[in-house]
Amino acid sequence: MLKFVTLFISATILGCTYGLISLSYSLIYKSSGMMAFVNPDLMTWGAFLGFTFYTLMGLPYPIAVLLTCVVMFCMGFAIQKGVVRNLIKRNVTPMYITLTMFAMGYILQNLSQLIFGSVPRKFDSIIPGLKIQLAGIQVQPEAIICVGVSLLIMALLQFFMNKTKLGTAMRAASMDPMAAESVGVDVSLISGLSWGLSTTVIAAAGILCGPIYSVSMVLGANLGAKAFAGAVLGGYGNMIGAIIGGLAMGFIETFVSGYISSDYKSLIAYIVLILFLFVKPTGIMNERAIQDV
Amino acid sequence: MSAMLELEDFRYSYGGVHAVKGISLQINEGEIVTLIGANGAGKSTTMRTICGLTEPQGVQGKIVYKGKEIQKLSGHKITAMGLSHVIEGRHIFSKLTVDENLEMGAYLRKDTKNIKADKEEMYRLFPRLLERKTSLGSNLSGGEQQMLAIARAMMNHPKMILLDEPSLGLAPIIVTEVFKAIKRLNEQEGITIFFVEQNSKIALNSAQRGYVMQTGEIVISGSCTDLSNNEAVRKAYLGE
């Protein structure tokens with residue numbers, strides 16, 4: 001029982017992190033029909049920036065989180081305006097744009113190594129000395145913050161995309177850019193904002209899980225592939241699906257490690273994904289993925 | 001009557017292809033005018049360019065709306081000036097409900113309080129939409145989508161509406177209904193209307209004046225009565 005609770009807690013942490021990454025993939029897919037494979041490395045940047053603001057500069061943690069989000073929002077906006085939009089303007093096919101995402105990912109990854117070094121960095125404890133007992137298990141306060149804030153972000157984002165005018169405009173612009181422009185939506189600006197928002201979400205994932213796992217140049221890359229699988233599992237492009245799929249991947253991985261062996265965690269996670277797609281090609285939330293663009 | 005929209009020697013080309021080869025036309029306030037012609041004559045390109053939905057590099061000549069040149073403006077800015085566009089093929093937001101589609105039509109409006117009343121007004125004008133209020137755009141029939149596209153354009157309180165092929169893919173009885181709605185907007189709400197139509201018969205019956213376009217040029221223009229009696233028009237477009 002104790003083992004189960006321990007695993008359950010670490011699965012929730014990992015699942016929430018995956019959930020946020022999956023969500024950021026979905027956001028970009030929803031808003032511009034693109035596969036944002038650059039996102040995991042933006043997550044690494046989020047974590048490093050958070051580390052810089054919090055541990056190196058000594059700012060309070062909430063301020064560090066906010067600052068990271070602001071900087072990363074601008075970075076996402078700049079990537080859309082500077083790179084993606086220019087590629088689209090030159091009629092580069094979507095497949096090549098996807099490859100560009102990988103390229104940018106490697107550039108960012110190597111830049112992060114250049115700037116922050118290749119030694120994994122450790123965040124200072126956020127609330128030193130605090131010990132929390134949960135069902136007989138001692139839990140890091142960082143873990144609780146990570147799960148709580150992740151869930152909050154997911155809920156806020158869900159509200160924003162479905163219930164606010166700007167969120168609805170983002171969805172509309174992705175469904176039909178021409179119609180959106182014709183009703184008065186500045187589609188070019190909205191796409192930039194969507195990228196910014198997506199980058200913010202993934203940077204938040206970085207700075208939230210940074211204090212739990214250590215921060216290195218491959219932090220995002222290690223988590224990104226599984227989170228992508230989570231997004232596919234949930235129904236690529238569907239926001240609720242992304243959260244559920246991400247959580248599911250976290251649970252499968254953690255429980256396989258705990259009860260079978262950590263050697264098989266990725267193996268089994270990906271087999272489950274493939275088998276699931278055989279049964280339900282549209283993912284948990286029934287999203288008619290790719291051909292929907 | 002003052003000119004609402006003027007095209008002066010308007011040309012459009014993409015990739016070396018001259019889709020529109022220098023046309024001039026004028027639409028006055030309160031008028032309902034049609035542009036007819038065969039497939040590929042350049043009608044849709046003309047409509048989309050007026051509304052800022054094509055690449056501006058291809059444009060030459062002037063598009064003047066309410067005295068201002070708009071040929072370099074992007075689509076959302078033109079919509080903000082009160083010139084709305086009902087795009088060919090309807091372009092309903094497929095995963096938004098009918099109600100949300102109407103709200104998107106009011107995207108630029110600041111008077112949030114009145115939007116609800118305007119939606120009610122649209123449901124009164126198009127009762128079919130009220131029945132489908134919570135349906136997703138993709139689940140509507142072609143006729144319902146066309147009604148919704150027109151209603152969505154109306155939500156921005158436009159001074160002028162451009163419609164591109166409003167009859168496309170609709171059953172004849174629905175076509176009649178759509179054109180009744182268009183005429184009503186013109187007569188009762190005083191909206192200036194300019195529409196492109198392949199169904200020349202209904203176009204000439206609904207509009208006051210018409211332009212006939214052929215391979216990128218305007219070949220004949222005049223009142224719809226004159227056009228309907230013109231031998232060449234009858235032969236080429238009315239199938240007589």
Side-chain angles (χ1 to χ4, degrees), chain A residues 26-27 29-33 81 85-92 158-194 235-241 282-283 285-289 291-293, chain B residues 14-15 44 47-48 50-57 73-97 99-110 112 115 136-138 145 148-149 151-158 161-164:
Chain A
S26 290
L27 268 177
Y29 186 72
K30 259 231 142 37
S31 64
S32 49
K81 290 286 160 212
R85 198 179 53 149
N86 275 318
L87 292 173
I88 295 173
K89 251 191 185 165
R90 288 172 171 73
N91 279 328
V92 175
Q158 200 61 29
F159 177 81
F160 173 77
M161 289 302 280
N162 291 310
K163 298 285 175 219
T164 68
K165 192 171 159 182
L166 192 59
T168 309
M170 282 182 178
R171 288 188 297 138
S174 77
M175 286 170 217
D176 196 327
M178 189 189 271
E181 187 79 37
S182 87
V183 296
V185 176
D186 187 342
V187 174
S188 162
L189 177 72
I190 287 276
S191 320
L193 291 181
S194 307
Y236 205 76
N238 186 298
M239 292 186 28
I240 305 237
T282 47
M285 292 307 285
N286 217 7
E287 191 81 9
R288 260 185 309 126
Q291 72 268 34
D292 223 24
V293 188
Chain B
Y14 41 87
S44 282
M47 290 307 225
R48 286 186 183 186
I50 294 172
C51 296
L53 299 177
T54 50
E55 285 298 319
Q57 297 96 291
L73 296 183
S74 49
H76 65 275
K77 292 206 173 115
I78 294 171
T79 307
M81 294 169 78
L83 176 55
S84 283
H85 189 193
V86 177
I87 309 167
E88 176 180 358
R90 308 182 278 271
H91 284 258
I92 293 305
F93 297 118
S94 57
K95 288 178 187 168
L96 296 188
T97 63
D99 211 54
E100 288 173 315
N101 264 284
L102 288 180
E103 270 167 24
M104 278 308 296
Y107 180 76
L108 289 172
R109 286 176 49 190
K110 303 274 180 278
T112 352
I115 291 176
L136 290 184
S138 54
Q145 286 189 343
L148 178 56
R152 186 177 66 186
M154 285 294 293
M155 288 298 290
N156 191 39
H157 290 177
I161 297 185
L162 267 59
L163 299 105
D164 198 348

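Throughout, a chain's letter reflects where its sequence line sits, starting with A, and its residues are numbered from 1.
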Engaged part of B:R90 at the chain A interface, taking heavy atoms whose separation is under 4.5 Å:
neither

Between B:S74 and chain A, with a heavy-atom cut-off of 4.5 Å, which part of the residue counts as in contact: side chain, backbone, both or neither?
both

Measure the spacing between NE2 of B:H91 and CG of A:D176 and express it to the nearest 0.5 Å.
5.5 Å

In Å, rounded to the nearest 0.5 Å, how long is the span from CD1 of B:I78 to CD of A:E181?
9.0 Å

If I compare all heavy atoms of [X] with all of [Y], which pair ends up nearest, and what's the gap?
| X | Y | value |
| --- | --- | --- |
| A:I190 | B:Y107 | CD1-OH, 4.1 Å |
| B:L96 | A:T168 | CD1-CG2, 4.0 Å |
| B:E100 | A:R171 | OE2-NH2, 3.6 Å |

Looking only at B:E103, B:R152, B:H85, the option with the highest number of non-hydrogen pairs under 4.5 Å against chain A is B:R152

Which of the residues B:G75, B:G52, B:C51 is involved in the greatest number of heavy-atom pairs with chain A at under 4.5 angstrom?
B:G75

With chain B as the partner, which of A:A179, A:S182, A:P177, A:G184 has the greatest number of non-hydrogen pairs under 4.5 Å?
A:G184

How about B:I87 and A:M178: do any of their side-chain heavy atoms sit closer than 4.5 Å?
yes

Quick one, A:V185 and B:M104 - any side-chain contact, counting heavy atoms below 4.5 Å?
yes

For atom OH of B:Y14, is the number of surrounding heavy atoms from other residues, nucleotides or ligands below 6.0 Å larger than 12?
no

Around atom NZ of B:K77, are there more than 12 heavy atoms of other residues, nucleotides or ligands at under 6.0 Å?
no

Apply ring-ring contact (aromatic ring centres under 6.0 Å, His included) to A:F159 and list each qualifying residue two or more places apart in sequence or on a separate chain.
none

Whatever's closer than 4.5 Å to a heavy atom in chain B on A:L189 counts as neither

